[in-house]
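We count ligands from 1, going down the list as the structure has it; atoms in each ligand are counted the same way.
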Amino acid sequence: MNDSASHDREHTGPGTVAGRYLRTFWHPVYRAQDLAPGEAQQVTIMNERFTLYRGESGIAHVVAPVCAHRQTQLSIGWVEDDCIRCFYHGWKYDGSGQCVEQPGEDASFKDRVRIRTYPTREYLGLVFAYLGEGEAPEFPRYTDFEVEGVLEACIPEYWPCNYFNRIDNGCDGAHVRWTHREAIMRAGSGFRLSMPDEVVSEETECGIRHLSMNGGKLSDEYHYFHMPNVSQAAAYTRVEGSLEDAKTLRGDRISWRLPVDDENTVSFSVDLIYLTGEAADAYRERRRGTEELAMKEFPPPELGNQILAGRLREKDIDRRLSTATLFSVEDYVAQVGQRHPDRSRDRLGRMDGAVAMLRGIWERELRALDDGRPLKRWTPPSGTTKTVQAKSSVIPSGARNP
Ligand code: FES
Ligand SMILES: [Fe+2]
């Protein structure tokens with residue numbers, strides 16, 4: 001049971017209202033560097049399987065999950081040029097989905113066989129696809145991340161929780177002091193340990209902007225939520241790399257939260273750190289080191305599961321783990337600990353203003369979709385990272401949360 005059974009946000013399979021809504025947007029489906037030329041993978045997004053492969057030319061394709069012949073999983077086949085050949089009887093499809101070879105069959109049969117393909121594009125180190133019906137909308141560019149600096153697509157996070165836990169969290173500045181206190185203390189940057197007196201939020205042309213007020217002053221952090229499932233925020237303290245990096249570097253992070261199915265979520269994040277030249281190269285090396293250590297010795301989901309099971313205390317986690325990765329463990333514990341809650345039972349308070357606004361916007365849009373009314377057209381933001389301070393002083397007081 002959800003807040004609104006008729007406009008259920010929680011289930012996103014084909015035909016569900018939230019699934020139809022999410023399918024009107026482009027989404028990342030894979031980290032680009034993890035897909036080598038000639039490689040195929042099966043991906044599950046919104047309860048639906050797809051075949052993702054990278055042709056030998058380097059172009060990524062997203063196509064139907066199974067072969068048109070007798071429905072064998074296509075990802076186990078072979079990539080040949082920009083085509084994929086089925087493992088079972090060798091039928092071969094080109095990047096447009098057209099069957100181009102059918103060993104043993106009449107020459108004319110293949111012309112009548114085609115599998116579905118999806119518009120695919122690489123951007124910011126991620127492979128994006130449009131998985132909906134009809135013509136794809138214009139591809140949204142996030143120009144804040146197209147500037148000079150170190151651009152890193154983070155290791156994707158596959159977590160066993162409903163995707164809306166992660167979306168909600170993108171509008172929840174109040175959790176930081178508590179959920180991330182260990183990482184913040186380890187980084188020695190106490191500035192984030194004060195509780196904001198007020199959370200100010202407003203609906204914008206791209207989603208929600210929410211900021212924390214402290215002693216009547218705006219915090220130097222910003223949080224933007226871009227509809228339907230993207231968070232963008234300054235990254236202090238959780239810049240991946242050495243402890244010194246976490247203490248001293250400022251970055252910006254953008255994250256897409258996407259349902260794998262109704263009980264599992266994948267999150268793709270991209271970091272931008274404002275370093276160039278030799279400093280950038282040295283930073284990339286430190287970052288590789290801490291990421292590898294985390295993956296090899298301390299995978300966040302494993303640590304998180306141990307904490308949830310009561311077998312590990314967070315304060316006992318090895319201090320070689322970067323504070324950035326510890327942030328991930330901390331978010332995992334909080335959000336996977338929620339599993340797939342009945343959100344109608346939540347008791348939202350004053351500090352949940354942006355969360356309430358987010359849920360209201362989703363409800364409004366799903367209702368419009370269901371009724372066949374026009375949806376709000378969201379514009380990707382530009383200049384968010386640079387103008388946040390300038391914009392901060394102009395939030396209309398009417399937009400303040402109760
Ligand atoms: S099932 Fe693919 S070629 Fe037969
Ligand atoms: Fe968090």
Undergrad: Is C67 close enough to atom 4 (Fe) of ligand 1 that one of its N, O or S atoms comes in under 2.8 Å?
TA: no
Undergrad: Taking the Fe ion (ligand 2) as the vertex, measure the angle between atom OD2 in D331 and atom NE2 in H180; round to 10°.
TA: 90°
Undergrad: Take Y274 and D252 through the test side chain to side chain donor-acceptor pair (under 3.5 Å) and record every step on the way to the result.
TA: CA-CA 9 Å; Y274 301 93; D252 286 282; 2.6 Å; yes
Undergrad: How close do L275 and Y283 get, heavy atom to heavy atom, and via which atoms?
TA: CD1-CB, 3.5 Å
Undergrad: What N, O or S atom of H89 is found closest to atom 4 (Fe) of ligand 1?
TA: ND1
Undergrad: Under 4.0 Å from a heavy atom of Y88: which atoms of ligand 1 are those, numbered in the order shown and with their elements?
TA: 1 (S), 4 (Fe)
Undergrad: Taking the side chain from R54 and the backbone from L35, do they hold a donor-acceptor pair closer than 3.5 Å?
TA: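 Checking the backbone N and O of L35 against the side chain of R54, a donor-acceptor pair under 3.5 Å is found.
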Undergrad: Would you say E330 reaches the Fe ion (ligand 2) with an N/O/S atom under 2.8 Å?
TA: no
Undergrad: Would you mind running through ligand 1 and noting each atom that sits below 4.0 Å from a heavy atom of G90?
TA: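 Per the distance check, 3 (S).
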Undergrad: Quick check on contacts: which atoms of ligand 1 are under 4.0 angstrom from a heavy atom of W91?
TA: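 Those atoms are 3 (S).
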Undergrad: Who's the nearest protein heavy-atom neighbour of atom 1 (S) of ligand 1, and how far?
TA: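 Sorting protein heavy atoms by distance from atom 1 (S) of ligand 1 puts R70 N, 3.3 Å first.
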Undergrad: Would you say the rings of W256 and F268 are close, in the sense that their centroids are separated by under 6.0 Å?
TA: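 Ring centres of W256 and F268 not closer than 6.0 Å.
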Undergrad: Check whether Y163 forms a cation-pi arrangement with R257 (NZ or CZ under 6.0 Å from the six-membered ring centre, at most 45° off the ring normal).
TA: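 No; the conditions do not both hold, so R257 does not lie above the ring face of Y163.
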Undergrad: Got a sec: is H69 within less than 2.8 Å of atom 4 (Fe) of ligand 1 via an N/O/S atom?
TA: yes
Undergrad: Is it true that R287 and D271 have a side-chain N and a carboxylate O under 4.0 angstrom from each other?
TA: yes
Undergrad: Mark up the atoms of ligand 1 that fall under 4.0 Å of a heavy atom belonging to C86, in ascending order.
TA: 1 (S), 2 (Fe), 3 (S)
Undergrad: For F164, is the NZ or CZ atom of R9 found under 6.0 angstrom from the centre of its six-membered ring and inside 45 degrees of the ring axis?
TA: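 Yes, R9 lies over the aromatic ring of F164.
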